[in-house]
Chemist: 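First, the structure itself, so that you have it in front of you.
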Amino acid sequence: MTQYWLFKSEPDEYGIDDLAAESHGIGVWDGIRNYQARNLLRDEVKEGDQVFFYHSSCKQVGIAGTMQVVRAGYPDPAQFDQSSKYFDSKASEQKPRWFCVDVRFEQKFSRVIALSELKELAAESGSPLSDMVLLNQSRLSIQPVSKPQWNYIMALAQQS
DNA sequence: GCCAACGTTGGC
DNA sequence: GCCAACGTTGGC
């Protein structure tokens, strides 16, 4: 069963255009160093799942497009790489601490669905966005999206 | 650059 | 296990 997620990234570091420019549009979603997010990557995110690409800490904060998970959780190689800023001396190949997934670019929306717009829509009565994790636990960088939320936002992205 | 919210660390 | 201090995230 397909599940839905929202992954955050700072576009100055790695934005949706960077993913689209990768070979076959496939990139590694690594560098996640938060236990709650790690647990989701390790245990819950599955191949075939659909993901919103969210741009944080930038001019246009919001959802920029979609991607698909093409490889489920595996140990993040960066934790073993001494030259990486994501190196973790307490992690070992036998006992990896951090996990990553592979994703494939799917589509870039014709406009960024702004966080402010999502907040406004969430305030409407009966909105499927009212309990969206993004609006209630905003710091989590890997977060679940419900199917109604996914469909609602996809419909929003189709209108110009 | 500010600051609120929240996660992590470490002494006890 | 509590909690103060500190660090990070992320919107504005």
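The sequence lines fix the lettering, A, B, ..., with proteins before strands; numbering per chain opens at 1.
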Chemist: Between A:Glu13 and A:Lys85, does any NZ, NE, NH1 or NH2 come within less than 4.0 Å of an OD or OE carboxylate oxygen?
Modeler: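 Looking at A:Lys85 and A:Glu13, the cut-off is met.
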Chemist: Sub-3.5 Å donor-acceptor pair from the side chain of A:Arg33 to the main-chain atoms of A:Tyr86, do we have one?
Modeler: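 It does hold such a pair.
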Chemist: Under 3.5 Å, is there a donor on one side chain and an acceptor on the other for A:Gln3 and A:Gln50?
Modeler: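 Not at all, the side chains of A:Gln3 and A:Gln50 share no donor-acceptor pair under 3.5 Å.
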Chemist: Using 30° and 60° as the class limits, which term best fits the ring planes of A:Tyr14 and A:Trp29: parallel, tilted or perpendicular?
Modeler: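 Aromatic pair A:Tyr14/A:Trp29 classed perpendicular.
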Chemist: About how many Å separate CG of A:Asp88 and CG of A:Asp76, when rounded to the nearest 0.5 Å?
Modeler: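 Reported value, rounded in 0.5 Å steps: 10.0 Å.
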Chemist: Can you name the one residue among A:Leu140, A:Leu40, A:Ile142, A:Asn39 that meets side-chain contact (heavy atoms from CB on, under 4.5 Å) with A:Asn34?
Modeler: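 Single side-chain contact (heavy atoms from CB on, under 4.5 Å) partner of A:Asn34 among A:Leu140, A:Leu40, A:Ile142, A:Asn39: A:Leu140.
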Chemist: What string of B, S and - do you get for nucleotides 4-10 of chain B, 5' to 3', when a contact is any protein heavy atom under 4.0 Å?
Modeler: -BB-S--
Chemist: Assess the residue pair A:Gln137 and A:Gln36 against the criterion (side chain to side chain donor-acceptor pair (under 3.5 Å)); give the C-alpha distance rounded to whole Å, side-chain angles, the decisive distance to 0.1 Å, and a yes or no.
Modeler: CA-CA 12 Å; A:Gln137 198 184 347; A:Gln36 205 178 342; 3.2 Å; yes
Chemist: Contact list please: residues 53-63 of chain A against DNA chain C, heavy atoms, distance less than 4.0 Å, in numerical order.
Modeler: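 Residues of residues 53-63 of chain A that come under 4.0 Å of DNA chain C are, in numerical order, A:Tyr54, A:Ser56, A:Ser57, A:Val61.
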